[in-house]
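Report on the following structure.
Here the structure is a predicted model, which means the values were calculated and not measured. Whatever order the structure lists ligands and atoms in, that order sets their numbers, starting from 1.
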Amino acid sequence: MTATAPREEQLWSRCAGCASLLYRKRLRRNLDVCPECGEHARLGAPERLRQLVDPGSLRLLPDRLPEADPLDFVDVLPYPHRLTGARTSTGLAEGVVCATATIGGHPVVLAVMDFRFLGGSLGCAVGELITRAAERALDDRTALVLVTASGGARMQEGALSLMQMATVSQAIAALREAGLLTVSVLTDPTYGGVAASFATNTDLVLAESGARMGFAGPRVIRQITGRALPEGFQTADFLLRHGQVDMVVQRRSLRGRLVALLAATRAGRPARPSVPRQEPASHRERLADDGPAPVRPAAEGDAGAPGAGDTLAVRDAWDTVRMARHPGRPTTLDYLDSVFDGFVELHGDRLGADCPAIVGGVARLAGRHVMVIGHQKGHTTAELVARNFGMASPAGHRKALRLMRLAARLGLPVVTLVDTPGADPGVSAEEQGQAAAIAENILTLTVLPTPVLAVITGEGGSGGALALAVADRVLMLENAVYSVISPEGCAAILWPDRSAAPQAARALRLTAPDLRRLGVVDEVVSEPSSAAHDDPAETAHRLRAALLANLLPLLDVPPAMLVRLRRQRFRRFGANRVGARAGLR
Ligand SMILES: [Zn+2]
């Protein structure tokens with residue numbers, strides 16, 4: 001990590017690129033770009049806004065939300081202490097500043113992330129603020145400009161922070177449908193859940209010179225692959241070379257480029273047909289908000305599966321993690337054999353690859369045709385290696401995307417089975433656009449006009465899991481886990497070392513009962529008293545019953561209504577709602 005931005009009162013600052021001592025005022029006049037070597041220093045959100053918008057046009061949007069610590073998260077420090085520290089040191093309420101303004105006379109809504117605030121991490125409040133900014137752009141019928149700077153999802157808010165990737169993505173999807181331009185400006189650094197959602201699923205992606213962007217961070221990739229990384233890996237020029245960004249822009253040209261893009265896309269607007277369609281939709285949206293509660297096909301604790309509900313055994317979170325990773329645990333192909341009939345596997349992303357970590361195809365569930373897509377691990381080392389341990393490549397995510405769209409076109413419901421430690425964190429995965437591949441799946445699922453039912457069957461690892469789990473109903477097997485980060489990864493960052501993984505597992509609230517309480521999961525499917533791997537036949541029987549109980553009511557819901565209800569489901573993870581639920585309001 002490079003040096004933090006110097007404080008205003010300091011007269012001199014040292015360039016993180018060439019170590020030249022620079023006169024502060026001269027540096028600022030040069031937009032915080034070193035006149036000696038061209039290094040782009042990181043900017044706080046207020047300074048970034050000042051550089052981009054027309055003078056006098058900036059109107060900040062409200063940034064106060066009820067404080068939420070939904071997990072009561074404590075590592076070596078309680079989370080509220082970290083929040084207070086970040087507020088004091090930055091003067092900001094949260095890690096994003098949102099505003100309306102004009103850029104070259106074009107009205108826009110902006111959301112600018114600030115890396116100084118807990119590493120620009122995406123928590124519930126940040127997700128809520130960016131979602132509101134996108135909704136404001138939809139109301140005002142203006143373009144949305146996102147400036148990203150983030151290490152990823154905010155660990156201290158667990159799976160709820162993971163849900164923000166879906167919440168913001170569906171707001172981006174609504175702008176896409178309305179024919180309104182979305183632009184993201186990647187600044188250094190943009191990683192993890194932010195990279196794998198709204199930083200890359202916008203219409204245009206600009207990378208500021210010197211920015212690095214990727215799904216997995218370089219340190220993680222080096223650790224996992226044991227390989228040295230190629231020169232310039234994940235830099236803006238690397239991203240351009242691999243087709244992942246529209247352009248690389250020097251800071252001094254950024255405003256000018258935005259003006260040109262806004263002018264061009266605004267000129268095209270009147271020809272777009274989607275404008276009149278939008279009004280009745282939002283009218284119905286309001287009616288739906290006041291109307292009946294979202295469909296709850298199976299009442300809480302009233303699942304087709306016996307024992308689902310409040311009678312689950314209380315097991316330590318770390319023991320559950322080990323159970324979820326047990327090599328004997330049934331895999332997606334096992335379930336395709338035991339729960340479904342007549343599976344016909346479909347292969348390939350149609351772009352040059354077939355990822356073995358994702359399997360998918362048509363099958364029957366109690367005589368009804370469905371599209372099943374799932375991560376595939378294996379029981380033996382050879383199987384696990386052949387399947388890349390269930391870690392999907394970008395080709396795997398694109399195969400899943402192809403099958404989801406095909407299902408919608410054919411009117412087939414989609415059932416996903418989620419069991420992955422996470423998306424493939426390798427060098428070639430980054431080269432092939434892992435972040436954007438995940439982001440596009442998440443966005444597409446928020447608008448897919450067919451029922452989607454997801455089951456976390458084993459490990460639900462971060463963005464790779466969410467890429468198959470934005471669904472109308474999310475079920476979870478009793479001994480499965482679903483988390484924004486692995487306990488080991490979380491321990492390595494927030495505790496002194498990875499040996500604190502059991503504590504991290506508890507703090508992350510990654511078990512099925514915890515996630516049902518948080519509303520991330522709708523229903524827990526109980527496992528046989530031993531565990532799934534001891535009695536796969538009984539597990540399959542219970543899973544089948546739960547799938548049917550949840551899927552059948554969805555089949556009667558018109559597709560447009562399904563999409564609306566799915567959006568409501570993922571809209572409710574905002575900070576105000578979480579804060580209210582936790583009694584913090
Ligand atoms: Zn320099």
- Item | Atoms named by residue and atom, protein N, O or S, within reach of the Zn ion (ligand 1) (under 2.8 Å) | C15 SG, C18 SG, C34 SG, C37 SG
Can you give me every donor-acceptor pair (side chain of residues 348-358, partner residue at least two apart or in another chain, under 3.5 Å) with its distance?
{"residue": "D349", "atom": "OD1", "partner": "L351", "partner atom": "N", "Å": "2.7"}
{"residue": "D349", "atom": "OD1", "partner": "G352", "partner atom": "N", "Å": "3.1"}
{"residue": "D349", "atom": "OD1", "partner": "A353", "partner atom": "N", "Å": "3.1"}
{"residue": "R350", "atom": "NH1", "partner": "H347", "partner atom": "O", "Å": "3.1"}
{"residue": "D354", "atom": "OD1", "partner": "G348", "partner atom": "N", "Å": "2.8"}
{"residue": "D354", "atom": "OD1", "partner": "K399", "partner atom": "NZ", "Å": "2.8"}
{"residue": "D354", "atom": "OD2", "partner": "H347", "partner atom": "ND1", "Å": "2.8"}

- Task: Show your reasoning for whether side-chain contact (heavy atoms from CB on, under 4.5 Å) applies to D188 and H40.
- Result: CA-CA 9 Å; D188 195 53; H40 285 51; over 6 Å; no
- Partners of L261 by side chain to side chain contact (heavy atoms under 4.5 Å, CB included), sequence neighbours excluded? L204, L206, M247
- Task: Decide side-chain contact (heavy atoms from CB on, under 4.5 Å) for V249 and V185; before the verdict, give the C-alpha distance in whole Å, the side-chain angles of both, and the deciding distance to 0.1 Å.
- Result: CA-CA 9 Å; V249 189; V185 178; over 6 Å; no
- Message: If I compare all heavy atoms of L468 with all of A400, which pair ends up nearest, and what's the gap?
- Response: CD2-CB, 3.8 Å
- Message: Holding to ring-ring contact (aromatic ring centres under 6.0 Å, His included), I want the full list of residues that pass it with H81, two or more places apart in sequence or in another chain.
- Response: none
